[in-house]
Chemist: 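Next up is a structure, given as structure tokens.
This is a predicted model, so every value here is computed, not measured. Numbers restart at 1 for each chain; the letters A, B, ... are given by sequence-line order, proteins then strands.
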Amino acid sequence: MTLSEVRVRIAPSPSGYVHVGTARTAIFNYLFARRHGGKFLVRIENTDKERSDPVFTEAILSALKWLGLQWDEEIVYQSDRIDLYKTHARKLLESGHGYRCFCSPEQLAQDREKARAEKKDMRYNRRCLNLSQAEVEAQVALGSAYTIRLRIPEGETNFDDLVSGELKRKNEDLEDFIVARSDGTATYNLAVVVDDHDMGITHVLRGNDHVTNTFKQIHLYHSFGFELPKFGHMPMILRPDKKKVSKRLGDKDVLAFQREGVLPEAMFNYLCLLGWSPKTDREIYSLEELIDLFTSDNFNPSNAIFDVEKLVAFNQEYIANKPDHELAAMVAPLLVEADLTTKYWLETRWEYLRQVVGALKLRARRIVDFVELSAYFFAFDYQYESDAAAKHFTSENAELLSELTDRFERLQDFTHEALEQTLSALADDKGIKRARLIHPTRLAVSGRSKGPSLYEMLVILSQPVVVERMRRAIEIIKNANSA
RNA sequence: GACCCCAUCGUCCAGUGGCCUAGGACGGCGCCCUUUCACGGCGCAAACACGGGUUCGACUCCCGUUGGGGUCACCA
């Protein structure tokens with residue numbers, strides 16, 4: 001480790017939402033910074049005016065915040081630094097590392113088309129590199145539009161990648177890429193190098209799809225005489241169809257997972273294990289543990305397919321371990337939104353919500369599941385599951401239910417123990433199995449055949465509600481049978 | 001097509017020359033627990049892509065083949 005502080009960054013372009021690939025890269029950078037006591041920075045790469053939209057910038061920052069990736073310094077916006085890039089582009093021209101290219105976009109497209117047709121290399125053919133000084137001056141005097149290209153020298157470029165080890169490329173396989181557009185503005189690679197250097201970035205951890213850029217950027221570092229940072233290229237996250245997750249394919253915004261009830265801790269934990277491993281049999285780790293374990297020599301170089309099922313399994317685990325009151329706070333707005341209750345009602349019955357959530361949390365895989373699972377705790381107009389009703393709502397059972405209701409009503413202490421005792425006693429009196437009473441009672445008070453322990457459910461619902469619901473069910477059974 | 005990367009159960013991850021009759025997790029299946037559904041517990045099925053080397057010995061090292069992925073914009 002060097003003496004200088006570790007500084008890493010996530011540099012999204014605001015031309016789309018944050019998908020899981022970007023999120024994971026951000027997480028790795030964050031963890032790396034925290035592990036080494038360094039700084040995690042954010043840079044918004046909005047040099048492309050056409051495609052950039054502040055709406056996406058906001059969405060990106062929200063996503064980072066949701067994941068808990070707090071950045072350590074002010075956000076850098078490339079749009080504020082246009083002049084800095086222009087200056088550097090000119091420097092390239094002056095130092096001879098760059099040259100003017102007068103080829104029109106149309107011409108270049110034509111060249112590529114031809115190369116493709118002839119199954120030849122599609123790199124730039126260096127037509128303008130061979131222009132004489134006089135020709136260049138003549139064009140400039142004429143006011144012809146030109147881009148600036150970086151001249152890639154002969155030889156070979158290599159660097160030691162944190163993930164894949166030594167990476168090599170013949171320079172002839174690189175092209176003289178454009179660093180400044182004809183309007184003078186810088187392109188991606190120039191801006192990135194200028195910024196990474198300027199921001200003191202020590203480690204560039206980014207997706208594997210950037211390796212070609214890295215080779216190109218290395219030449220920019222050399223041209224400017226900048227010190228090279230360390231590079232690490234993360235394997236891609238693939239979709240089940242094995243395509244890499246990308247904006248182009250319209251891949252899902254990570255915040256969509258939030259809306260679908262995924263906890264950020266679960267997403268964080270799951271994403272960490274895609275392309276990196278603590279090399280143990282454990283999978284669930286706290287943030288602190290991850291920070292402690294996160295070293296760059298544990299990256300897995302092969303691509304990984306994103307598996308929502310496994311994410312959800314992590315989520316289930318995190319829900320099960322989350323304190324009831326925290327879950328209640330997350331569920332409350334969803335219940336209101338679903339029109340099951342009101343904000344006011346919940347405010348006065350917070351303890352009730354807390355108990356409901358606690359009783360259901362081992363059954364929820366996602367936060368939104370609580371709405372469906374708990375509906376009958378809030379709404380009285382639930383329907384009885386028809387199959388279960390056909391089975392349990394018989395007139396015979398109505399009699400039993402009626403007697404059970406009377407006994408429940410007489411109870412002084414409406415507790416788990418008292419309820420269990422009462423129900424068992426009636427079952428004994430009648431010489432029937434307890435299940436004979438349990439199922440119709442569950443159906444009567446919840447409309448469902450599934451749910452938490454019956455007694456736990458009754459206690460939460462409270463005596464008057466239980467009695468009322470049971471009486472109503474009995475009425476319905478009687479009416480149905482007499483009709 | 002050129003260049004680069006990758007290759008262990010369906011999926012994610014262990015395995016760094018003998019501990020492997022290849023381990024864990026998700027998913028699947030079965031059993032147990034149980035008033036239901038979950039949770040939990042136990043168990044089963046499920047993989048070293050192929051071919052050559054190197055070695056006393058290869059999942060592990062090398063080469064090739066095949067397969068998959070990525071990149072080839074005046075986008076980032």
Side-chain angles (χ1 to χ4, degrees), chain A residues 11-16 45-48 50-52 78 101 103-105 108-109 112 115-124 145-149 161 163-164 167-170 172-175 177-189 191-192 207-213 215 233 235-236 238 240 242-244 247-248 270 273-284 298 300-314 316 320 360-365 373 388 420 423 433-439 441-443 446 448-455:
Chain A
S13 77
S15 55
E45 311 219 314
N46 54 354
T47 51
D48 184 352
E50 303 290 301
R51 285 169 237 250
S52 298
Q78 290 194 324
C101 172
C103 301
S104 68
L108 293 171
R112 270 195 299 274
R116 183 190 297 276
E118 292 173 5
K119 293 197 188 292
K120 287 227 191 98
D121 209 311
M122 298 191 286
R123 284 169 297 131
Y124 179 57
Y146 63 85
T147 60
I148 300 174
R149 286 182 185 271
D161 189 83
V163 180
S164 305
L167 254 28
K168 264 192 205 139
R169 195 92 139 214
K170 293 194 198 77
E172 63 192 54
D173 291 324
L174 260 23
E175 78 171 340
F177 60 101
I178 292 174
V179 293
R181 305 183 183 96
S182 49
D183 65 0
T185 60
T187 57
Y188 171 75
N189 282 305
V192 166
N208 202 269
D209 48 344
H210 279 290
V211 298
T212 309
N213 285 326
F215 284 109
H233 294 85
M236 297 284 89
L238 272 24
K242 296 216 176 160
K243 293 287 167 227
K244 75 159 183 166
K247 286 176 225 173
R248 267 197 69 151
Y270 172 68
L273 269 25
L274 242 38
W276 176 82
S277 166
K279 313 247 179 222
T280 65
D281 278 350
R282 255 181 81 197
E283 293 196 312
I284 302 291
N298 284 1
N300 180 335
S302 57
N303 296 344
I305 292 171
F306 184 82
D307 180 9
V308 188
E309 271 304 314
K310 184 140 183 173
L311 198 217
V312 172
F314 271 59
Q316 184 172 21
L360 297 169
K361 72 179 189 180
L362 290 182
R363 290 162 181 81
R365 283 166 67 76
L373 290 169
E420 185 162 9
L423 189 140
K433 284 186 176 173
R434 290 181 305 159
R436 180 79 187 279
L437 295 169
I438 287 171
H439 293 300
T441 305
R442 168 189 301 287
L443 187 62
S446 72
R448 311 277 178 91
S449 58
K450 305 170 184 176
S453 146
L454 178 68
Y455 309 113

Chemist: With both distances under 3.5 angstrom, what nucleotide forms a Watson-Crick or G-U wobble pair with B:A73?
Modeler: none

Chemist: If you only use heavy atoms from C-beta on, which nucleotide in B:A7, B:C37, B:C74 is closest to the side chain of A:I178?
Modeler: B:C74

Chemist: Which nucleotide, B:A14, B:C74, B:C6, lies nearest any side-chain atom of A:K279?
Modeler: B:A14

Chemist: Looking only at atom C1', what distance separates B:C12 and B:A46, rounded to whole Å?
Modeler: 15 Å

Chemist: B:A14 and B:C26: how far apart are their C1' atoms, nearest whole angstrom?
Modeler: 15 Å

Chemist: What does nucleotides 18-26 of chain B look like as a protein-contact string, B for base, S for sugar-phosphate only, - for none, at under 4.0 angstrom between heavy atoms?
Modeler: -----SBBS

Chemist: Take atom C1' in B:C42 and the same atom in B:C50, then report the distance between them in whole Å.
Modeler: 38 Å

Chemist: Let's see if you can work this out: which of B:A38, B:C3, B:U36 has an atom nearest to the side-chain heavy atoms of A:D173?
Modeler: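 For the A:D173 side chain, the nearest candidate turns out to be B:C3.
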
Chemist: What distance, rounded to whole Å, do you find between the two P atoms, one in B:G51 and one in B:C13?
Modeler: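 It works out to 26 Å between them.
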
Chemist: Can you name the residues that form a salt bridge (charged side-chain N to carboxylate O under 4.0 Å, His left out) with A:D173, not counting sequence neighbours?
Modeler: none

Chemist: How far does the P atom of B:A47 sit from the matching atom of B:G24, given to the nearest Å?
Modeler: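 14 Å, rounded to whole Å.
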
Chemist: Applying a 3.5 Å limit to both distances, which nucleotide forms a Watson-Crick or G-U wobble pair with B:C26?
Modeler: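 Matched B:C26 with B:G10 under the 3.5 Å cut-off.
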
Chemist: List the residues meeting salt bridge (charged side-chain N to carboxylate O under 4.0 Å, His left out) with A:D209, not counting sequence neighbours, and say none if there are none.
Modeler: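 For A:D209 the salt bridge (charged side-chain N to carboxylate O under 4.0 Å, His left out) partners, ignoring immediate neighbours, are A:K244.
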
Chemist: Any side-chain heavy atom of A:V192 within less than 4.5 Å of one from A:N213?
Modeler: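 Side-chain contact under 4.5 Å: no.
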
Chemist: Can you name the residues that form a salt bridge (charged side-chain N to carboxylate O under 4.0 Å, His left out) with A:R434, not counting sequence neighbours?
Modeler: A:E420

Chemist: Could you work out, with side-chain contact (heavy atoms from CB on, under 4.5 Å) as the rule, every residue matching A:K247, not counting sequence neighbours?
Modeler: A:S13, A:S15, A:H19

Chemist: Tell me whether the side-chain N/O atoms of A:N300 come closer than 4.0 Å to OP1 or OP2 in B:A14.
Modeler: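 The answer is yes; a side-chain N or O of A:N300 sits under 4.0 Å from OP1 or OP2.
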
Chemist: Could you please name the option among B:A14, B:C39, B:C6 that lies closest to any side-chain atom of A:Q316?
Modeler: B:C39

Chemist: For A:R112, report the nucleic acid contact type (base, sugar-phosphate, nothing); a contact means any heavy atom under 4.0 Å.
Modeler: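 Sugar-phosphate only.
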
Chemist: If you compare every side-chain N and O of A:T47 against the phosphate oxygens of B:A76 (OP1, OP2), does one of them come in below 4.0 Å?
Modeler: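 Checking A:T47 against B:A76: at least one side-chain N or O falls below 4.0 Å of OP1 or OP2.
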
Chemist: Counting heavy atoms from C-beta on, name the nucleotide in B:C74, B:C6, B:A38 closest to the side chain of A:R149.
Modeler: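 Comparing B:C74, B:C6, B:A38 against the side chain of A:R149, the answer is B:C74.
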
Chemist: A:Y146: which residues meet the ring-ring contact (aromatic ring centres under 6.0 Å, His included) condition with it, sequence neighbours left out?
Modeler: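 ring-ring contact (aromatic ring centres under 6.0 Å, His included) check on A:Y146 returns A:F102.
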
Chemist: Considering just the side-chain nitrogens and oxygens of A:K433, establish if one lies under 4.0 Å of OP1 or OP2 belonging to B:U35.
Modeler: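 Checking A:K433 against B:U35: no side-chain N or O falls below 4.0 Å of OP1 or OP2.
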
Chemist: Any protein N or O atoms within reach of nucleotides 46-49 of chain B? Criterion: under 3.5 Å, listing atom names and distances.
Modeler:
none

Chemist: B:G17 pairs with which nucleotide, Watson-Crick or G-U wobble, both distances below 3.5 Å?
Modeler: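 Check on B:G17: unpaired, no WC or wobble geometry under 3.5 Å.
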
Chemist: Select base, sugar-phosphate, or nothing to describe what A:P12 touches, counting heavy atoms under 4.0 Å on all strands.
Modeler: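 No contact.
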
Chemist: So, using salt bridge (charged side-chain N to carboxylate O under 4.0 Å, His left out) as the criterion, who are the partners of A:E309 when residues are at least two apart?
Modeler: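 In terms of salt bridge (charged side-chain N to carboxylate O under 4.0 Å, His left out), with neighbours along the sequence ignored, A:E309 is linked to A:R365.
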
Chemist: Nearest to the side chain of A:L454, which nucleotide is it out of B:A76, B:G15, B:U35?
Modeler: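 Of B:A76, B:G15, B:U35, B:U35 is nearest to the side chain of A:L454.
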
Chemist: Dump every N/O contact between nucleotides 64-71 of chain B and the protein below 3.5 Å, one line per pair.
Modeler:
residue, atom, partner, partner atom, Å
B:G69, OP1, A:K243, NZ, 3.3
B:G69, O2', A:N303, ND2, 2.9
B:G70, OP1, A:K244, N, 3.1
B:U71, OP1, A:K244, NZ, 2.8
B:U71, O2', A:T212, OG1, 3.4

Chemist: Taking the six-membered ring for Trp and the single ring otherwise, decide whether the centroids of A:Y124 and A:F177 are under 6.0 Å apart.
Modeler: no

Chemist: Suppose you measure atom P in B:A2 against the same atom in B:G10; what distance do you get, rounded to whole Å?
Modeler: 31 Å

Chemist: When all nucleic acid strands are considered with a 4.0 Å heavy-atom cut-off, which category describes A:G207: base, sugar-phosphate, or nothing?
Modeler: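 Contact class for A:G207: none.
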
Chemist: If you measure from the C1' atom in B:G64 to the same atom in B:C31, how many Å do you get, rounded?
Modeler: 49 Å

Chemist: Check side-chain contact (heavy atoms from CB on, under 4.5 Å) between A:D183 and all other residues, then give those that pass, not counting sequence neighbours.
Modeler: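 Partners of A:D183 by the side-chain contact (heavy atoms from CB on, under 4.5 Å) criterion, ordered by chain and then number, come out as A:K49, A:R181, A:T185.
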
Chemist: Between B:C74, B:U35, B:C5, spot the one nearest the side chain of A:L108, thanks.
Modeler: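 When the side chain of A:L108 is considered, B:C74 is the closest of B:C74, B:U35, B:C5.
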
Chemist: Select base, sugar-phosphate, or nothing to describe what A:C101 touches, counting heavy atoms under 4.0 Å on all strands.
Modeler: nothing

Chemist: Name the pairing partner of B:U55, where a pair is Watson-Crick or G-U wobble with both distances under 3.5 Å, or state none.
Modeler: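 WC or wobble partner does not exist here.
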
Chemist: Give each protein N/O atom lying under 3.5 Å from an N/O atom of nucleotides 30-34 of chain B, with the pair distance.
Modeler:
none

Chemist: Between B:C37, B:A76, B:U35, which one does the side chain of A:Q78 approach most closely?
Modeler: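 Output: B:A76.
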
Chemist: Could you work out the separation of B:U11 and B:C5 based on their P atoms and round it to a whole Å?
Modeler: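 So the two P atoms sit 23 Å from each other.
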
Chemist: Does a side-chain heavy-atom distance below 4.5 Å link A:P235 with A:N303?
Modeler: yes

Chemist: Is it the case that more than 12 heavy atoms not belonging to A:K170 sit under 6.0 Å from its NZ atom?
Modeler: no

Chemist: Listed by chain and number, what are the side-chain contact (heavy atoms from CB on, under 4.5 Å) partners of A:H439, not counting sequence neighbours?
Modeler: A:H392, A:A435

